[in-house]
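The next block holds one structure in the form of structure tokens; read it before the comments.
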Number of protein chains: 2
Amino acid sequence: MSLRIALLGLLSAVGPASGYDLAKTFDQSLNHVWQAGHTQIYPELVKMTADGLVEVESEGARGRKIYRITPDGRRELGGWMEEHDAAMTVRSEVALQAFLLHLVDRDQAVAVLERIRARYVARLEKLESLRPGEFGHHAHTLGLAMARTGLQWADDTLADLRRPVT
Amino acid sequence: MSLRIALLGLLSAVGPASGYDLAKTFDQSLNHVWQAGHTQIYPELVKMTADGLVEVESEGARGRKIYRITPDGRRELGGWMEEHDAAMTVRSEVALQAFLLHLVDRDQAVAVLERIRARYVARLEKLESLRPGEFGHHAHTLGLAMARTGLQWADDTLADLRRPVT
DNA sequence: CAGAGCATGTAACATGTTACATGATTGG
DNA sequence: CCAATCATGTAACATGTTACATGCTCTG
């Protein structure tokens, strides 16, 4: 479901686009929120066409197909925003490593945390380099806040681990 | 992979346990980090037994099977902690709704945010009511920090939306 | 003895990932 | 003409969810 919604959102925000375009835009704008590769996107667009949520506006060079959101698609998107209680499920490998941290010795724990820290720094840099327009602004703010929190947590936990005696 | 690791981690931390126990412990301790129901856990334990990572220690009443982590299992767990670069992939419906927020009108956006806010409050309450021992302490801290950040973000964004003219 | 909780599982389906495959067009 | 990028797809596999199915045991 969420993949559909994400695609409908993109089509609604940036106008008609091909699967290829969507895959790229996905990667550049939505990627800290949801991810999907072209192998997932192409078949989904076909299904969405069958369900009347999008339609092929035109076919260009190299078999390029431009999809456009339909009124039904907009309704689907609006309904989802209005009714869907967003799942709070988290599946975070970082958090899983955090969970298991006390099972390894201190040096190893420090090494694990330093790697996690580095990824938060990288994520933060990537997010800070993005200039989302109005579109995606709120998700960008959330992503930044989350990345900063993760970095802060890594630093605090590292400091805690390094404190000689507990 | 991560499901395996989570199960190995639990077995390593709390000692031998049945699939049923693991499913419950999973739900109570790991649930803000990773989730899995019994329908996923039972078959996985069978596969892990075949791979020599766990073994059936004893069979009790009602077909209850107690699994124990093997030396190979410990090695697997340690290796994963040492070598695995935790994926930073996020698939968050909350963030997706945040992303799409500007596509709906202001009243609807406020309603969406209020629902999100309520879920963060609930999550926070649940986390605050947990008293993780040493085990899971770091993940608990991270979960709390993330939930607080989410709540703060929801409040800030609500305040922003309610500000009359932008 | 009824209902709650213990305890295990299967099957169908939905979603997501990796690897493979094909061919067109454009810029250097 | 060669390499990069455009552009679309399939197939196999891994993972995760929902619904269904079965039977035991303890407490009131």
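Here is how names work: the chains are called A, B, and so on, in the same order as the sequence lines, proteins then strands, and each is numbered from 1.
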Electrostatic pair A:Arg75-A:Asp72, nearest N-O below 4.0 angstrom: yes
Distance, rounded to the nearest Å, where A:Lys65 contributes NZ and D:dT8 contributes P: 7 Å
Neighbours of DNA chain D within residues 7-27 of chain B, by heavy-atom distance under 4.0 Å: none
Counterpart residues, ring-ring contact (aromatic ring centres under 6.0 Å, His included), relative to B:His38 (two or more places apart): B:Tyr42
ring-ring contact (aromatic ring centres under 6.0 Å, His included) against A:His137, all qualifying residues, sequence neighbours excluded: none
Heavy-atom protein contacts under 4.0 Å, nucleotides 13-22 of chain D, coded B base, S sugar-phosphate only, - none: --SSBBB---
Those residues that, when tested against A:His140, pass ring-ring contact (aromatic ring centres under 6.0 Å, His included) (two or more places apart): none
Listed partners of A:Thr39 passing side chain to side chain contact (heavy atoms under 4.5 Å, CB included), at least two apart: none
Hydrophobic cluster partners of B:Val14 (side-chain heavy atoms under 4.5 Å): none
Distance test, side-chain N/O of B:Tyr42 to OP1/OP2 of C:dT8, below 4.0 Å: yes
Would you give me the side-chain donor-acceptor pairs under 3.5 Å for residues 46-59 of chain A, sequence neighbours excluded?
{"from": "A:Thr49", "atom 1": "OG1", "to": "A:Leu45", "atom 2": "O", "distance (Å)": "2.7"}
{"from": "A:Asp51", "atom 1": "OD2", "to": "A:Arg4", "atom 2": "NH1", "distance (Å)": "3.0"}
{"from": "A:Asp51", "atom 1": "OD2", "to": "A:Arg4", "atom 2": "NH2", "distance (Å)": "2.8"}
{"from": "A:Glu55", "atom 1": "OE2", "to": "A:Arg68", "atom 2": "NE", "distance (Å)": "3.3"}
{"from": "A:Glu55", "atom 1": "OE2", "to": "A:Arg68", "atom 2": "NH2", "distance (Å)": "3.4"}
{"from": "A:Glu57", "atom 1": "OE2", "to": "A:Arg68", "atom 2": "NH1", "distance (Å)": "3.3"}

Rounded interatomic separation in angstrom, taking OH from B:Tyr67 and P from C:dA7: 14 Å
Spacing between A:Leu45 atom CG and D:dA7 atom P, to the nearest angstrom: 14 Å
Side-chain atoms of residues 83-101 of chain B: list all donor-acceptor pairs with protein atoms under 3.5 Å, sequence neighbours left out, distances to 0.1 Å.
{"from": "B:His84", "atom 1": "NE2", "to": "A:Glu93", "atom 2": "OE1", "distance (Å)": "2.4"}
{"from": "B:Asp85", "atom 1": "OD1", "to": "A:Arg115", "atom 2": "NH1", "distance (Å)": "2.9"}
{"from": "B:Arg91", "atom 1": "NH2", "to": "A:Gln35", "atom 2": "O", "distance (Å)": "2.7"}
{"from": "B:Ser92", "atom 1": "OG", "to": "B:Val94", "atom 2": "N", "distance (Å)": "3.4"}
{"from": "B:Ser92", "atom 1": "OG", "to": "B:Ala95", "atom 2": "N", "distance (Å)": "2.9"}
{"from": "B:Glu93", "atom 1": "OE1", "to": "A:His84", "atom 2": "NE2", "distance (Å)": "2.4"}
{"from": "B:Glu93", "atom 1": "OE1", "to": "A:Ala87", "atom 2": "N", "distance (Å)": "2.9"}
{"from": "B:Glu93", "atom 1": "OE2", "to": "A:Ser2", "atom 2": "OG", "distance (Å)": "3.1"}
{"from": "B:Gln97", "atom 1": "NE2", "to": "A:His84", "atom 2": "O", "distance (Å)": "3.1"}

